[in-house]
**Student:** 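Just dropping this structure here.
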Amino acid sequence: MSTPMERAVVLRSLSCTPLVCTRFFSRSSHNLLTRLSPLPKRHRSITNLHTRSLLRHHLRAISTSSTRPSIQLRKHFSSLSPRAIATPPTQPSPEVVGADDDVAKKLGFEKVSEEFIEECKSRAVLYKHKKTGAEIMSVSNNDENKVFGIVFRTPPKDSTGIPHILEHSVLCGSRKYPLKEPFVELLKGSLHTFLNAFTYPDRTCYPVASTNSKDFYNLVDVYLDAVFFPKCVEDFQTFQQEGWHYELNNPAEDITYKGVVFNEMKGVYSQPDNIMGRITQQALFPDNTYGVDSGGDPQVIPKLSYEEFKEFHRNYYHPSNSRIWFYGDDDPTERLRILSEYLDMFDASSAPRESVIKPQKLFSKPVRIVEKYPAAEGGNLEKKHMVCLNWLLDDKPLDLETELALDFLDHLMLGTPASPLRKTLLESGLGDAIVGGGVDGDLLQPQFSLGLKGVSKGDIQKVEELIMNSLKKLAEEGFDSDAVEASMNTIEFALRENNTGSFPRGLALMLRSVGKWIYDRDPFEPLKYQKPLMDLKARIAKEGSKAVFAPLIEKFILNNSHLVTVEMQPDPEKASRDEAAEREALNKVKASMTEEDLAELARATHELRLKQETPDPPEALKTVPSLSLNDIPRKPISVPTEVGDLNGVKILQHDLFTNDVLYAEVVFNMSSLKQELLPLVPLFCQSLLEMGTKDMDFVQLNQLIGRKTGGISVYPLTSSVRGKEDPCSHIIVRGKAMSGCTEDLFNLVNRILQDVQFTDQKRFKQFVSQSKARLEARIRGSGHGIAAARMDAKLNVAGWVGEQMGGASYLEFLKDLGKKVDEDWDGVSSSLEEIRRTLISRNGCLINLTADGKNLTNSAKFVSKFLDLLPSTSPVESATWNARLPLTNEAIIIPTQVNYVGKAANIYDTGYELNGSAYVISKYISNTWLWDRVRVSGGAYGGFCDFDTHSGVFSFLSYRDPNLLKTLDVYDATGDFLRDLEMDNDTLTKAIIGTIGDVDSYQLPDAKGYSSLLRYLVGITEEERQKRREEILSTSLTNFKEFADAIDAVKNKGVVVAVASPEDVEAANKERSDFLEVKNVLD
Ligand SMILES: [Zn+2]
């Protein structure tokens, strides 16, 4: 939500740090398409969809009438989400061609069918590899962001996590690329625009993307070799490292479990939302593969044997069991040539028959499940229950028309804060936030889930009744025609805009197609949404919405007995009980071992660590293909920017092709706001969109936004500015509309800013509870972000501002605010007015517009009118925010089995002056030193660093980490690592190229315009960009060595914040007396 820029940048870079795998729980997979607010990235986006899934929950509760809401919408439009369809950003020319049929035949492929797909202006050809039966979709168009993906059907039989561990392991070296982790080499040294792997409940996907053809084919080759010929099936140690193993440093100590997936899943199993998702899936599908956890249950993972692991690979990672996707503007013949090299080495197998997913039969009566989740010890358990109703909609897959209608219905019922089902649930006051994702069509059979969290035990039944009664009421009464129109416009807008954020369009398209193809259905059909959507629209117009939707609600929900009600109860002892059970199991293991066994285990532990810490030999590293510096453009990607002036207000204009959409940002200066009002700003922003005006309630306002625009959002943004004490701090109103609706867009923005009434006490109270619930979930699921914000708040003013609006301090503020709303609503309401009076003014306003030249010119008169209507209060004196949190080391304790550990300092204080090489160096530290020590040998899911070049704060962070003090020791040794570093030219070149890949990350036009605005706000000029680029390109080993002294500031003066379990904090404080001040923010 309203993350200030500095934090947003930090958090983004964290959430995008190489955590490699992305597990898909069935109910979080929509997040795939979630990606927006394209900030300038300093780190490559290895999208971590765990974080994404949090993002989704987080976004679900906020306004849909915004640009972000389109995220939310994507979520709702699950499997059938037409928004995944790409319309290439360039002017379409249908002259794209497929591979020559004769050539295809010679290479061993037979053409099954071919279509030109109007929706994505692409020629798509489905081939079958004759020898193995592998199927290939070869999609050709003008999109330079090329995508490749190979997908295997991998249904697990138990919860040992084989598919997930295999997903990690195959990327750890292969026949042609015999090094420890080719994946990491690609992260370091390629220009990829996407590189990751996903495990679903029934399939495993390996996608890559790049705009550079040579780079693209390099990536494809490494991935193909990895999946078909991985080292992990011969190398037991890879299995141990990624999956699980016993660790024993010396025979006198206790044995522990280690393994990257093991700890990753411990983190997953510590989060209530995730626990609920898993339990629901397993209860809905007790009889097929979805009844087990493909990710792995930490209690079951140690039952997995290496033999089973190898056999799973042999059976399922076979061409006959694969589906392969190519997309973009490259040569379609070259695709087949590369594939034939690999596929020809195999014969057909029986895997496709064995991997078929069997449908779940429907229950004859509903089921109820009650489960515990780990809650904070000593906390208030009163309003901590969760309840969710889940239906399996049918005993077979649905046809696409029905799915589309259901997705539309889902948006109508739940898509925006004004949607009736969502509104009723939240206004009931029975819970704090919605759980369950609505309609979910990612698995073989679709589901519908809905419930609340933050519920009192006594209210659980009321929630269930409310959901059932509201659904009945909707079936009886139908929907408001304005609501139908708003949903239809929102969907059509999104289709036309086709904004997949930083997610490649070709990948969004692939996941959509594979979603049906994987079940042996037509891969073309999901790409063609135009006709079914028009048919649906015509039906609604003719028969009315009630006739279309009421039968769906009745058949699939009200009259469907396959209902699973899941109730989750808080249990303050669960975390320690799980911990104790694990300890006991491990003690038993140790007791059963002889002295020789123990000595052998200690030796094996040592040997594994030694192997993990030994760098790859240079000849192995050379096998991974890389570009040369000559392949890299010398100039930064330029964004056309014209800075003008209108009625005394600065206007930035970016003339870019946007397919007739106008993107606008209206920016207000926040620096004159009183310090004590800062934490109220995020809720001020939400109120603007969700409180209603003098003559429209918020439902009408939201419908109007839906009918006239592609969304409006409002959020604060704060960043340090290099060389200045004061941060830059703003509120941004972001909106988009078809150019014909420019006037409506600016009228609406004006009404939101000036007419909204801060009078609805009850709604405001809901906003407070929702924000609190969201933040609590973030502390548990993204503790690294909370730790980063906290350290930043100790080190600079911008960080402090950010933490006030989104960190642990904000959570404390929200707790008090809840009471204040009850006791002194007038006071709160007038504070909101005071924020408006201070901020909304022509003075200090700035407008940023992105569209093509003609539409920019046309918008001038509307912008001018908008500015005339703004009050022109004289600028208030800049307030002084001279606040920071005390520089103490802290631990925020949470019920968890894995920690988030951070340490940071300002390295500009040491006299270090920014040089572009710092980007190369910090990326290198993350991908080598921290990856090897914190993740590979430490067993954490992630370890990384972040350098905020605006403030000078250099932070180290870990993610789902079994250690605490040990990780800090690794951070402290970074300076020595740099001093002792030796590096050949190839390695250096790769590091430089990888960094350029980050700097030049692929952006859609709206993102380009927005990035340019952010650079303008923090004072980064084109000259500086050119200078940094040259510094990056000329980075030398000497730069690395010199950086060591700067980074020692973190070791010597750094501040520590850990988000960790009470047990680990206690142990740390015992070892280093009272090292960490303990803080408990969850209640
Ligand atoms: Zn994973």
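Scope of the values below: all heavy atoms of this structure, side chains included, with no hydrogens, waters or symmetry mates. Remember, it's 1-based here, ligands and their atoms both numbered in the order they're listed.
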**Student:** Using a strict threshold of under 4.0 Å (side-chain N to carboxylate O), is an ion pair present between D221 and K176?
**Tutor:** yes
**Student:** Could you tell me if R175 sits above the aromatic ring of F229, with its cationic atom closer than 6.0 Å to the ring centre and no more than 45 degrees from the axis?
**Tutor:** yes
**Student:** My understanding is that only residues two or more places apart in sequence, or in another chain, count here; which of them pass side chain to side chain contact (heavy atoms under 4.5 Å, CB included) with K990?
**Tutor:** E185, V624, S626
**Student:** To the nearest 10 degrees, could you say what angle the Zn ion (ligand 1) makes with NE2 of H168 and NE2 of H164?
**Tutor:** 100°
**Student:** Considering just N/O/S atoms, say which atom of E264 is closest to the Zn ion (ligand 1).
**Tutor:** OE1
**Student:** Measuring to the Zn ion (ligand 1), does E167 have an N/O/S atom at a distance below 2.8 Å?
**Tutor:** no
**Student:** What pairs with D616 under salt bridge (charged side-chain N to carboxylate O under 4.0 Å, His left out), at least two apart in sequence or on another chain?
**Tutor:** none
